[in-house]
Amino acid sequence: MKKVVISVLASGLFLACGPQERVSKETIEEVNENMEIKKLTEVEILDEAMIWGDSITSEAQKQLITNLQKAIEDKGVPGAIEFCNVQALPILSDLSQKYKVEIRRTSNRYRNPADQPTEEEKPLLEAYEYNAEAGVKSDPNIQKFEGGEVFLYTKPIVIPNGMCLSCHGEPGKEINKETLEKLTKLYPNDRATGHKVGDLRGMWSVRIPKKEVVKRL
Ligand code: HEC
């Protein structure tokens, strides 16, 4: 079982709050009751949140990559940009609804401005960037928010292979002219080019209500 790592770097986060809905008093009471009935410890719940976060992000990644590969086969790289532009966010929101969590990809070198980090995500992303610069591999992480009623699972997104570079690599080199024109039109302030294989591209972020984790145990 994977160990839950709560990084010292980000320990100030417990006080931070995001734009998300607050957890009600009734929910907290319901969670406490369920925990008692099932005699769960906090560590068991954190471990389960970590395992679930891993599996949700793997599923999301698989869906995005399978669909992206199909779009490239059918329409070529420039045509597949429309797939990412139109489909990437809805695929994540469908999965979010299915599991009653909030799944996002975020990056400081974002293409879609909707993927900018939130206040909760910023320090975690910065810790991953810091490690990447130092050549240290980052592990997934769990942080608690809203008095421990919400977990934020995060995991680095690293560029795995050259396929990504046809849209995130060097303009004029890996990104061809037609692709670049489409990207510039759709994303005039695109920051997501110039990457190499092995680069940190961003981070998965999943907000998981404790209530949903307790239900799984
Ligand atoms: C066909 C072009 C294309 C390819 C190939 C591609 N991407 Fe993207 N990528 C995009 C577009 C377009 C967006 C913006 C999506 C949106 O508007 O929601 C994006 C967004 C992202 C984001 C979200 C953060 C941001 O910058 O907005 C991540 C993370 C990402 N891509 C990683 C990858 C990885 C990893 C690969 C390789 C497995 C890859 N991409 C391959 C076009 C591509």
Side-chain angles (χ1 to χ4, degrees), residues 18-19 53-54 56-97 101-133 137-141 152-207:
D54 275 338
I56 289 172
T57 49
S58 299
E59 183 177 347
Q61 176 137 323
K62 212 162 132 202
Q63 279 204 18
L64 286 178
I65 289 186
T66 312
N67 283 299
L68 175 61
Q69 274 167 342
K70 201 175 164 292
I72 292 177
E73 270 166 34
D74 291 351
K75 305 184 213 116
V77 171
I81 292 171
E82 265 115 45
F83 157 76
C84 299
N85 176 244
V86 176
Q87 295 295 335
L89 292 176
I91 285 178
L92 299 184
S93 62
D94 283 356
L95 266 181
S96 299
Q97 273 188 356
V101 298
E102 277 174 49
I103 312 167
R104 275 167 44 78
R105 295 182 303 173
T106 179
S107 179
N108 279 319
R109 285 176 66 176
Y110 51 86
R111 173 156 286 162
N112 188 333
D115 296 330
Q116 287 180 65
T118 62
E119 289 305 314
E120 283 179 358
E121 292 164 339
K122 263 182 201 162
L124 292 152
L125 185 56
E126 275 164 22
Y128 288 150
E129 287 170 345
Y130 181 87
N131 281 350
E133 261 171 48
K137 194 182 160 286
S138 297
D139 289 321
N141 189 290
L152 184 69
Y153 169 92
T154 55
K155 181 165 87 176
I157 301 175
V158 174
I159 302 236
N161 55 49
M163 191 265 275
C164 314
L165 302 186
S166 50
C167 296
H168 294 293
E170 202 70 55
K173 210 170 132 204
E174 287 115 346
I175 305 182
N176 70 29
K177 198 166 157 267
E178 195 188 341
T179 305
L180 191 63
E181 274 167 16
K182 278 210 168 172
L183 285 174
T184 315
K185 214 166 141 202
L186 285 167
Y187 307 97
N189 301 312
D190 188 10
R191 297 185 178 189
T193 61
H195 277 293
K196 296 183 188 60
V197 170
D199 271 9
L200 182 74
R201 176 69 263 277
M203 164 181 111
W204 284 106
S205 154
V206 190
R207 268 185 136 252

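Read the numbers this way: they start at 1 and go in the same order the structure lists the ligands and their atoms. All values below come from the heavy atoms of this structure, side chains included, with hydrogens, waters and symmetry mates left out. None of these values were measured; they are calculated from a predicted model.
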Check side-chain hydrogen bond (donor to acceptor under 3.5 Å, both in side chains) between Asn189 and all other residues, then give those that pass, not counting sequence neighbours. none
Would Asp74 and Lys70 pass as an ion pair if we require N to O under 4.0 Å? yes
Which residues pass the side-chain contact (heavy atoms from CB on, under 4.5 Å) test with Ser138, sequence neighbours left out? Tyr128, Asn131, Pro156
Show me a pair-per-line table, with atom names and distances to 0.1 Å, of protein N or O atoms that are under 3.5 Å from an N or O of ligand 1.
from	atom 1	to	atom 2	distance (Å)
ligand 1	7 (N)	His168	NE2	2.9
ligand 1	9 (N)	His168	NE2	3.1
ligand 1	17 (O)	Asn112	ND2	2.9
ligand 1	17 (O)	Tyr187	OH	2.6
ligand 1	18 (O)	Asn112	ND2	3.3
ligand 1	26 (O)	Arg111	N	2.7
ligand 1	26 (O)	Arg201	NH1	3.2
ligand 1	26 (O)	Arg201	NH2	2.7
ligand 1	27 (O)	Arg111	N	3.2
ligand 1	27 (O)	Asn112	N	3.1
ligand 1	27 (O)	Asp115	OD2	2.5
ligand 1	31 (N)	His168	NE2	3.1
ligand 1	31 (N)	Arg201	NH1	3.2
ligand 1	40 (N)	His168	NE2	2.9

Quick one: list whatever passes side-chain hydrogen bond (donor to acceptor under 3.5 Å, both in side chains) with Lys196, sequence neighbours left out. none
Please confirm whether the backbone N or O of Thr193 pairs with a side-chain atom of Arg109, one donor and one acceptor, at under 3.5 Å? yes
Decide whether Gln87 and Asn67 meet the rule of one side-chain donor and one side-chain acceptor closer than 3.5 Å. no
